[in-house]
Protein chains: 2
Amino acid sequence: MATLYDVCKKTGLSTATVSRVINGSGLVKEATRERVLKAMKELNYYPSHAARMLAGSKTDTIGVILPVIDNGYYVRVLRGIDVVSTRANLKLLISFYHSGSDLSDILSSLSGEGRADALILSNDTPLQPEQIRKLAGSDIPIALIGQKHEDQPAMDSVLLENFQGAGDAVKHLLEKGPKSLIVITGPEDNHDSQERLRGVRQAVADAACDVELVVLHGDFYHEGGRAVFEEYVKQSGAFPEAVFAFNDAMALGVLDVLNEASVSIPGDVQVIGFDNNEIAQYIGLTTVRVPMQKIGEEAARLVAERIKNKELPAESVLMETALVARKTTGNGASFSSPKM
Amino acid sequence: MATLYDVCKKTGLSTATVSRVINGSGLVKEATRERVLKAMKELNYYPSHAARMLAGSKTDTIGVILPVIDNGYYVRVLRGIDVVSTRANLKLLISFYHSGSDLSDILSSLSGEGRADALILSNDTPLQPEQIRKLAGSDIPIALIGQKHEDQPAMDSVLLENFQGAGDAVKHLLEKGPKSLIVITGPEDNHDSQERLRGVRQAVADAACDVELVVLHGDFYHEGGRAVFEEYVKQSGAFPEAVFAFNDAMALGVLDVLNEASVSIPGDVQVIGFDNNEIAQYIGLTTVRVPMQKIGEEAARLVAERIKNKELPAESVLMETALVARKTTGNGASFSSPKM
DNA sequence: TTACTAATTGTAAGCGCTTTCATAAAACAT
DNA sequence: ATGTTTTATGAAAGCGCTTACAATTAGTAA
């Protein structure tokens, strides 16, 4: 491997000058610059990332922590992060987190060992107070996705208009004047889920009608949604007239149950999900669209900016949601189950 | 940030000894080891990754290049890579590649700048001969997924049993004795697609029946599959009796056309895809299962092993596929379109 | 006790860059 | 022509580790 010294030798210049052209820090005569560039190409020289990191104390990489969830959601978020960070010449160091793994480990190798200049923590990567304290010490910019963090240290965050989106969904459902409305939430500690529930309650209150609102606790998984809904139906002995699952996966579980019982959708029961994932689009599930890629882009933008200027005040970006009315609430052609 | 020197000062030991306990290279008295560990904890010390990289010339990270495709496929592959690399204490530096981006750039920053100890190149990241030459120079282990590379430098590869899988699909289709069979391929230069086509031809020949085989050229995308099939139907003025699309996305496109024409599936037309993606599972599309996570695991295993021992001969792993018979070929409940 | 081997620990030379400060050359003004 | 800026380059000190190799200490057999 050619080193900077080889380039110096070849050009007869000092390390300082060669370093300057590598970093494009101006202050170099154009002719010299070209001479160096030529030598670099001829030697097939690439600056050692390790050395630059050590000497320059910056890594040009941003650490991303994603939950281990195989659906398309986080790929899209990741893609958004990628778009913006590629543009900013930042590489992505990615770690997956699941409840069995140790977030502290991940955090210390990313920030403690100085592998990254900034961090993006996605939903479902629960920060413990102690970890936050450590992170604060390392003072590396952090952007949170779908999580809030009000105390010090200041962290940027990208949030969803959950309240609004859930409210829209409920309003849409109530248009047909159902007697009963079931919502299936995500995990209790999930911020998105909490906000959606607030939105639901508010919308129901605002509607000033007398729907019966039942809150079922789900887990954001297909099977979980199915199970909790099935259980409810068994207990109550009847189907509700409207169901709002806090994500599409669970809504799909609800549809399973409904289809197996040959209930007409949306004739007897309306169903709405949240996310607008691939299957929802495919089968015509009414849902609330979440701008996944944009979320990633915003998160990357936030940290990229903060890397340049750490003094910026923490920013919180709210991403818009939008109701997508489809067949399961009577829009478009009628729904017919893909599973029989 | 505490440095190794701080730990030395605190313990009164030399950098060599402290370094030894950090690296667990034995040769340190147990009491000393504990003393150092304690000091590290108290100082909240983490070894600088940059310094270790520079001094030790290893990065403990593996570079992964994935195509920009938002479906669940590559997340699963990535997940597999993650599982194995986490176990081997390797971090993942991920780059996305799409036809507009410059692979050379990605490769040089990953291998040329020495950011990674090894590389995993996924499908659809077409290596040009010149790039390969450069990579050879850097002699960093490389594993290819879904690509073959026979010449020097030796590269590991993880391949699919495309031939077998496609053959199985065709055999399954021919059981009902269709008069005509249409296959919709992927891009012409795609290795998987080429192999699947070989498998198809072989299976048709083996069957020794007189199906008419028509090969349509697709692109692995839903819309592309739909378009090419629609065009064919228009031209020929009739529906074939069996369709084998080389991935699920295109098969879904075919189903769209069929459903819009209210053709009975599988009564009039049987359809098979390839991949076994989420939607295929959901709607009951017969398909060929691809062990995506396992593919990632194997790729990571290969490079992890080669990092330890560069002398190992290049290895080529063949991953098994398996036919999953579902409704679109008459298994399970009859198929009914999710879109009307 | 003495000589010798094994187990620990220390010394110091880098790894390949960035960057501050000093110096030299060129450009300009007087 | 001389002093003053401005511009271009160089010298050298680290950045925080790893790792030969040297030195010391402990352990053992004679």
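Each chain gets a letter, A, B and so on, in the order the sequences are listed, and its residues count up from 1.
Contact annotation: Arg52(B) side-chain N/O to dT18(D) OP1/OP2 distance is under 4.0 Å. At dC17(D), none of the side-chain N or O atoms of Tyr46(B) fall inside 4.0 Å of OP1 or OP2 (strictly under the cut-off). Under 4.0 angstrom from either OP1 or OP2 of dG10(D) there lies at least one side-chain N or O belonging to Ser14(A). Look at Ser19(A) and you'll find a side-chain N or O under 4.0 angstrom from OP1 or OP2 of dT18(C).
Comparing Thr15(B) and Ala55(B) by the nucleotide of DNA chain C that holds the closest heavy atom to each, the one mapping nearer the 5' end is Thr15(B). When each of Lys29(B) and Ser48(B) is assigned the nucleotide of DNA chain D bearing its nearest heavy atom, the one mapping closer to the 5' terminus is Ser48(B).
Exactly one residue among Val36(A), Ile22(A), Asp6(A) makes a side chain to side chain contact (heavy atoms under 4.5 Å, CB included) with Tyr45(A). That residue is Ile22(A).
Taking only distance into account, the side chain of Thr17(A) never meets the base of dA8(D) through a donor-acceptor pair shorter than 3.5 Å.
When rounded to the nearest whole Å, the span between CG of Leu54(A) and C1' of dC17(D) equals 8 Å.
Heavy-atom contacts from other residues, nucleotides or ligands closer than 6.0 Å to CD of Glu42(A) number more than 12.
The residue Thr32(A) sits close only to the backbone: its heavy atoms come under 4.0 Å of sugar-phosphate atoms, none of a base. Ile22(B) comes within 4.0 angstrom of no nucleic acid atom, judged by non-hydrogen atoms across all strands. Among the atoms of the strands shown, none is found under 4.0 Å from any heavy atom of Gly114(A).
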Chi angles and distances behind the side-chain contact (heavy atoms from CB on, under 4.5 Å) call for Thr11(B), Lys38(B): CA-CA 9 Å; Thr11(B) 57; Lys38(B) 180 157 160 282; over 6 Å; no
Worked check of side-chain contact (heavy atoms from CB on, under 4.5 Å) between His191(B) and Leu159(B): CA-CA 9 Å; His191(B) 178 260; Leu159(B) 270 10; 4.1 Å; yes
